[in-house]
Peer 1: 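My questions will all concern the structure given below.
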There are 2 protein chains.
Amino acid sequence: MSKCEQCIVRQFSSLKALSKDELLKMADCKTSYTIKKGEPIFEEGEITNGIYCVKDGVCKLSKLSSNGKDQIVKLVKPGELLGQRSMISEEPANLSAVAIEDMEVCFIPKTEIIQFFTQNNQFSMSVMKTICGDLKEADDHMVDLAQKSVKERLAGTLIYLEETFGTDSDGALRLQLSREELAGMIGTATESCIRLLSELKKSGWIDLIGKKIKIVDKNKLRRIAD
Amino acid sequence: MSKCEQCIVRQFSSLKALSKDELLKMADCKTSYTIKKGEPIFEEGEITNGIYCVKDGVCKLSKLSSNGKDQIVKLVKPGELLGQRSMISEEPANLSAVAIEDMEVCFIPKTEIIQFFTQNNQFSMSVMKTICGDLKEADDHMVDLAQKSVKERLAGTLIYLEETFGTDSDGALRLQLSREELAGMIGTATESCIRLLSELKKSGWIDLIGKKIKIVDKNKLRRIAD
DNA sequence: ATTAAAATATGATAATTGTCATACTTTGAA
DNA sequence: TTCAAAGTATGACAATTATCATATTTTAAT
């Protein structure tokens, strides 16, 4: 069993507020999982009874709409926690978490987290701040979905993907999303997404290398995104 | 100065977790305000340094989009708290709060709330749960905005307005929103909103009495909304 | 009570976006 | 390696939604 104390990603989440003793206790009761690309960590409606700490890889949090399409609400990257909301609300998961890349995650049981909440105020304040940050992002995202055009949202999403997950050796977006997933992020039909990507390529603001996307003129994209 | 102990709406918010002593302390440092319909409680970008408890009246939380339209993110009713998110995040307000009806609110300084957080675990857990509830609603709302048509969202919003704020003596929605505000809730142009209301009226599912809206066939609306 | 301003309503039209069909390309399993 | 399946791409068309113009009604200030 690996030690939480030595885990680097801990620094990026609320877990950084835990003491050495608490980390040792956590290392004792945690379970590590390997999740392959495309596999779920948990699904909408499932009772999770704990939270996951993402050690490696990226996953999408999405919800199936009544029209049959999957809307991606958020991408979660290493260092972030997963499933806090439903654990705190004591409800089944509202969203599905599915790996976009191969992942390594650790599961920490609810009983443990609740103990940390009561004994470590810094920890609970940190979790609270994280959730507040999520709420702010959700509100902002909502406004964009309601008021911006698909093209504006696509441009904004491409910039977000580059700034958040970086680029590979070709200078293309490191995070490989399918066109369907990209469409699910911006809230549009897959064909519309593909069509607008072609349009942005024709304009010369992006380049399409196979299914990879490379941002050529970020300023132009920024101007489109507002 | 009125006593928080005797305030009924307290029961509906996290403030119900406070002890008698804490309530007395709060009554001492709170400030009461009367806010007229149309007036702001705080605006986007403002530093608030505390939270508001809504004693009477309803307000909208909205954000100005780059296209110049105001998107309404949430309606806040008596008993609910206002401004917790930015207080906890220690950031300026992300949304504007504007009264939709004449309101009575109490302002409680941040220093006080932070004290309650550290000394009363039930209180901080309750606030955390409320914010988690807000996050869930925001996520769900996001999916609807991204995946549903304007007509579906309008139908859903009308049902929400009836079930949340009730009806007046005519059976019409008690909460009086302008067409522009209703459009701002569902994320569409005012004209589109008006047009669809006319359409729903022609179909006989709703009735328009002046600018009031009355739901005639809720089941039909529900079927439209999904 | 009068009247200007604001809100509501509707038509005409354009722009955006979704849907269906189909072709091409890539991927992965036998 | 081969081939079926999945993913990507594009065209044609329909549906939805926004925009602009204008009329009507309501509201509120004088």
Side-chain angles (χ1 to χ4, degrees), chain A residues 36-39 65-71 100-102 144-155 157-158 172-173 176-203 206-214 224-226, chain B residues 36-39 65-71 100-102 144-155 157-158 172-173 176-203 206-214 224-226:
Chain A
K36 291 247 172 71
K37 178 177 176 171
E39 284 177 356
S65 177
S66 48
N67 65 3
K69 286 185 188 165
D70 228 18
Q71 176 66 26
I100 284 180
E101 303 172 320
D102 290 350
D144 286 350
L145 284 168
Q147 301 290 350
K148 289 189 176 176
S149 69
V150 175
K151 198 182 193 174
E152 289 169 332
R153 281 180 271 152
L154 173 58
T157 302
L158 293 177
L173 299 182
Q176 285 269 33
L177 293 174
S178 69
R179 300 293 190 257
E180 191 180 1
E181 285 170 325
L182 186 56
M185 281 194 74
I186 66 184
T188 190
T190 306
E191 297 95 322
S192 299
C193 175
I194 290 172
R195 216 179 294 277
L196 287 171
L197 282 173
S198 301
E199 196 186 303
L200 289 178
K201 183 186 177 178
K202 263 186 210 157
S203 303
I206 68 171
D207 203 2
L208 301 175
I209 311 158
K211 40 189 67 172
K212 283 190 183 177
I213 301 169
K214 180 175 170 178
I224 291 171
D226 272 1
Chain B
K36 291 247 170 71
K37 178 177 176 172
E39 284 177 357
S65 177
S66 47
N67 64 5
K69 285 184 188 165
D70 228 19
Q71 177 66 26
I100 285 180
E101 303 171 321
D102 290 350
D144 286 350
L145 284 168
Q147 301 289 350
K148 289 189 176 175
S149 69
V150 175
K151 199 181 192 175
E152 289 170 333
R153 282 179 271 151
L154 173 58
T157 302
L158 292 177
L173 300 182
Q176 285 269 35
L177 292 174
S178 69
R179 300 293 190 256
E180 191 179 2
E181 285 171 325
L182 187 55
M185 282 194 74
I186 66 183
T188 190
T190 307
E191 297 96 321
S192 299
C193 174
I194 290 172
R195 217 179 293 278
L196 287 170
L197 282 173
S198 301
E199 196 185 301
L200 289 178
K201 183 186 178 178
K202 262 187 209 155
S203 303
I206 68 171
D207 203 3
L208 301 176
I209 310 158
K211 41 189 66 172
K212 284 190 183 179
I213 301 169
K214 180 176 171 177
I224 291 171
D226 271 2

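Predicted model only: the values in this text are computed from it and were never measured. Just so it is clear: chains get the letters A, B, ... in the order the sequence lines come, proteins before strands, and each one is counted from 1.
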Peer 1: Please determine, for the side chain of B:T188, which listed nucleotide (D:dC20, C:dT8, D:dA18) has the closest atom?
Peer 2: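 Out of D:dC20, C:dT8, D:dA18, the nucleotide with an atom closest to B:T188's side chain is D:dA18.
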Peer 1: Just wondering, are more than 12 heavy atoms of other shown residues or ligands nearer than 6.0 Å to CD in A:E180?
Peer 2: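 Open: at most 12 neighbouring heavy atoms sit under 6.0 Å from CD of A:E180.
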Peer 1: Would you kindly give the CD-to-P distance between A:E191 and D:dA15, to the nearest whole Å?
Peer 2: 17 Å
Peer 1: Take the protein atom CG of A:L154 and the nucleotide atom P of C:dT16, then report the distance between them rounded to whole Å.
Peer 2: 14 Å
Peer 1: Measure the CG-CG distance between B:L158 and B:L173 for me, rounded to the nearest 0.5 Å.
Peer 2: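 Spacing of CG (B:L158) from CG (B:L173) equals 6.5 Å.
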Peer 1: Using a cut-off of less than 4.0 Å, is there contact between a side-chain N or O of A:R179 and OP1 or OP2 of D:dA9?
Peer 2: yes
Peer 1: Can you tell me how far P of D:dT16 sits from NZ of B:K148, to the nearest Å?
Peer 2: 16 Å
Peer 1: Remember a base hit wins even if backbone is also touched, and classify B:T190 as base, sugar-phosphate or nothing at under 4.0 Å, heavy atoms.
Peer 2: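 Nothing, no heavy atom under 4.0 Å.
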Peer 1: Which residue lies toward the 5' end of DNA chain D, A:A146 or A:I194, if each is placed at its nearest nucleotide?
Peer 2: A:I194
Peer 1: For A:L208 and D:dG7, give me the distance from atom CG to atom P, rounded to whole Å.
Peer 2: 18 Å
Peer 1: Across the strands shown, which category fits A:S198 at heavy-atom distances under 4.0 angstrom: base, sugar-phosphate, nothing?
Peer 2: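 Answer is sugar-phosphate: A:S198 comes under 4.0 Å of backbone atoms only.
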Peer 1: Of B:K211 and A:S192, whose closest DNA chain C nucleotide lies nearer the 5' terminus?
Peer 2: B:K211
Peer 1: Could you tell me whether the side chain of A:L200 reaches within less than 4.5 Å of the side chain of A:L208, counting heavy atoms only?
Peer 2: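 No, every pair of side-chain atoms sits at 4.5 Å or beyond.
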Peer 1: Are B:D207 and B:K201 side-chain neighbours, meaning at least one heavy-atom pair lies under 4.5 Å?
Peer 2: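 Yes, close enough: below the 4.5 Å cut-off.
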Peer 1: Separation of B:Q176 atom CD from C:dA6 atom C1', in whole Å?
Peer 2: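 Spelled out: CD on B:Q176 to C1' on C:dA6 is 15 Å.
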Peer 1: Find which nucleotide of DNA chain C each of B:E180 and A:K69 is nearest to by heavy atoms, and output the residue with the more 5' nucleotide.
Peer 2: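 Result: B:E180.
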Peer 1: Do the side chain of B:R195 and the base of D:dT19 come within less than 3.5 angstrom through a donor-acceptor pair of N or O atoms?
Peer 2: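 Check passes, donor-acceptor contact within cut-off.
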Peer 1: Out of curiosity, B:R195 CZ to B:R179 CZ, how far, rounded to the nearest 0.5 Å?
Peer 2: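 One gets 13.5 Å once the value is rounded to the nearest 0.5 Å.
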Peer 1: Rounded to the nearest Å, what distance is computed from the CD1 atom of residue B:I213 to the C1' atom of nucleotide C:dA7?
Peer 2: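 Going from B:I213 (CD1) to C:dA7 (C1'), I get 13 Å.
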Peer 1: Return the value, rounded to whole Å, for the distance between atom NZ of A:K37 and atom C1' of D:dA6.
Peer 2: 13 Å
Peer 1: Please give, in whole Å, the distance from C:dG18 P to A:N67 CG?
Peer 2: 10 Å
